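Here the structure is a predicted model, which means the values were calculated and not measured.
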Amino acid sequence: MSLLEIENLNVQFSTGKRTVHAVSGVDLRVRAGESLALVGESGSGKTVTALSILGLTPPAPTCRVGGEIRFSGQNLLGLSESRLKAVRGGEVAMVFQDPTSALNPLLTVGTQITDAVQSHLPGRRRRDELRGRAVEALELAALDKPLERLRQYPHQLSGGMRQRAAIALAIAARPRLLIADEPTTALDVTVQGEIMETLGRLRRELDMALVLVTHDLGVVAEHSDRTAVMYAGRIVEQGPTQQVLANPQMPYTRALLDATPLVGAPPKERLRAIGGAPPDLADLPEGCAFSPRCPYAIDICRTTVPELTRRGPDRVAACIRTDNGLVINGTKSPIPASFSTVSKSSVNPASSPKVLARFTDVALHYPVRGGLLGRKTGYVPAVDGVSLDVYSGNTLAVVGESGSGKTSLSRTLLRLEKPTAGLVTYDGIDVSQARGRDLARLQREVQVVFQSPYASLDPRMTIQRILAEPLRVHGEPVERDRLARLLESVGLGEDALDRYPAAFSGGQRQRIAIARAVSLRPRLIVCDEAVSALDVSVQAQVLNLLGDLQAEHGIAYLFITHDLGVVRSVADEVAVMQAGQVVEYGPAERVYAQPKHNYTRELLANAPRQTAGAL
């Protein structure tokens with residue numbers, strides 16, 4: 001008997017005169033101790049499905065939920081709010097993508113966990129008993145020094161430690177089902193591996209079922225038993241993970257696989273981005289929702305909605321073409337070139353590149369203050385004696401865990417931090433001492449694309465104002481045609497100029513951020529985790545776009561990232577940082593093929609090399 005059974009789940013959001021069909025006719029089963037991965041692009045309905053299980057969708061009439069969600073035979077949609085609160089956290093718990101949203105910044109970690117335990121256990125419990133349960137939860141979540149962590153606040157923990165604390169909070173009452181919504185997005189590969197191993201161990205030790213919501217197919221391949229692929233609110237393929245990834249029966253699944261950057265891929269090989277964009281869920285196309293983006297689509301695909309049909313034991317897929325014998329396994333019938341906008345190629349426009357930016361024995365120490373007067377009591381060495389070169393028209397990728405110093409190093413080039421020691425130069429200009437014309441040139445020729453496309457665009461400004469601002473600052477003419485051409489260069493239309501950032505998806509916002517960065521025709525762009533929070537399909541489009549801009553304009557990139565698969569597809573040279581120092585530095589091909597440092601080998605060992613063993 002299944003622990004969780006979802007039948008014909010439908011979720012609709014009403015926004016004015018529009019009705020958004022976020023989830024349509026979803027059927028899912030999860031057995032005790034099993035791990036099910038929900039995969040798909042942003043807007044596919046996977047997170048709404050997960051939230052519906054816990055009753056966390058908005059109330060009617062804004063949101064209407066239909067169908068059945070049975071947990072241990074009990075329909076959760078028919079429960080009263082008080083009974084649902086007892087299930088929520090006690091029997092079914094959730095780990096969110098951002099641990100800061102799950103942890104109260106005003107309470108210690110220990111207080112939050114003991115409160116959770118008390119609220120889900122019958123009767124009053126002794127203080128020492130609650131404290132013991134909190135320590136046990138932290139130990140289960142593999143958080144070191146649990147007694148010390150009990151007294152700490154969330155801001156005193158690193159990103160990976162906060163995620164472990166959020167997991168401890170979720171499992172403190174020993175739930176039978178854990179829902180993890182993108183639990184490793186934007187985490188380093190080593191921390192990502194540790195978090196997923198922790199979830200897997202908890203699943204085995206507690207016989208707990210796991211619903212994993214993610215867009216990372218490398219994580220899916222290694223940490224899920226079964227996979228359900230969602231597109232436009234529907235399940236389009238479902239089955240055992242290794243079978244789904246090794247022999248997909250839906251072109252959309254194959255396209256997601258091809259868009260995933262992998263460590264084992266050839267260097268600087270162009271990714272197969274999925275053309276177009278997901279459909280508007282308030283105005284779905286007739287027929288198969290994927291047909292406008294599918295290279296296999298024929299006339300019947302555009303008029304008939306495919307039903308899920310059985311493709312073997314515990315396998316279903318929704319595709320008219322594959323149902324009639326079309327084979328899309330890459331080893332038998334390669335995906336047509338139309339899945340990629342341009343054929344794969346290595347981009348390196350500079351035949352004799354020169355040093356454009358140079359870090360010479362750079363150190364950056366942050367002061368530690370204490371006492372009532374806030375006096376300096378010591379220093380934290382964020383960067384310690386780093387020497388690197390960024391060549392014109394090339395990409396230098398700086399890789400390392402959180403806290404390794406890679407972002408702090410880039411901030412010295414952007415004049416956001418002044419080095420404690422050493423020298424940072426751009427084309428002969430001493431960055432920290434630049435004044436007058438040198439400063440204006442530096443600010444014009446060195447641009448940045450930040451990690452979050454949501455935080456980097458002013459929500460009160462139209463896209464036209466956002467793109468025009470740097471042009472006005474540097475005395476450039478601001479013409480609508482010029483701004484429209486900027487948007488066209490990143491794959492967006494002129495109609496976007498009159499809209500606000502809230503009207504765009506994360507991937508589209510990142511394209512706008514890139515358009516702003518290239519508006520002044522820079523020679524160097526700092527990409528600080530610029531694709532880490534994007535879906536694999538959007539990530540492939542953005543990486544290909546960056547490659548196109550580099551090939552066309554000879555732009556150099558300082559690429560800050562923790563994703564070694566992404567590095568493989570973009571980097572000419574790689575610098576590996578650990579504890580503020582560069583432990584390995586050289587051509588990307590050599591670093592990947594023959595890593596010299598143990599830390600580099602550890603990073604490569606933790607990175608996914610393929611999305612399924614049979615691929």
Original post:
Within a strict 4.5 Å, meaning less than it, do heavy atoms of the Q539 and P261 side chains meet?
Top reply: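 Yes; the side chains approach each other to less than 4.5 Å.
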Measure from the side-chain N and O atoms of [X] to the backbone N and O of [Y], and report whether any donor-acceptor pair falls under 3.5 Å.
X	Y	result
T62	P58	no
Q12	C63	no
R315	G239	no
R203	G33	yes

Are a donor atom and an acceptor atom from the side chains of [X] and [Y] found within less than 3.5 Å of each other?
X	Y	result
R164	T198	yes
E529	H562	yes
T395	Q550	yes
T322	Q249	no
R176	S72	yes
T241	T227	yes
R311	T309	yes

**OP:** Using the side-chain contact (heavy atoms from CB on, under 4.5 Å) rule, take T303 and D299 through it: C-alpha gap first, then chi angles, then the decisive distance, then the call.
**Re:** CA-CA 7 Å; T303 58; D299 290 343; over 6 Å; no
**OP:** Verify side chain to side chain donor-acceptor pair (under 3.5 Å) between E182 and H215, making sure each step is shown before the conclusion.
**Re:** CA-CA 8 Å; E182 300 282 9; H215 64 259; 3.0 Å; yes
Subject >> Where A93 and P175 come nearest, the two heavy atoms and their spacing >> reply: CB-CG, 3.8 Å
Original post:
Who pairs with E401 by side chain to side chain donor-acceptor pair (under 3.5 Å), at least two apart in sequence or on another chain?
Top reply: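 Applying side chain to side chain donor-acceptor pair (under 3.5 Å) to E401 gives T190, Y599.
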Using a strict cut-off of less than 4.0 Å between a Lys/Arg side-chain nitrogen and an Asp/Glu carboxylate oxygen, indicate whether [X] and [Y] qualify as a salt bridge.
X	Y	value
K46	E41	no
D548	R270	yes
E286	R302	no

**OP:** Give, for atom OH of Y231 and atom SG of C288, the distance between the pair rounded to the nearest 0.5 Å.
**Re:** 8.0 Å
Tabulate below the donor-acceptor pairs under 3.5 Å that side-chain atoms of residues 488-503 make, not counting sequence neighbours, or state none.
| unit_1 | atom_1 | unit_2 | atom_2 | d |
| --- | --- | --- | --- | --- |
| S489 | OG | L486 | O | 2.5 |
| E494 | OE2 | R480 | NE | 3.0 |
| D498 | OD1 | R480 | NH1 | 3.2 |
| D498 | OD2 | R480 | NH2 | 3.0 |
| R499 | NH2 | A503 | O | 3.4 |

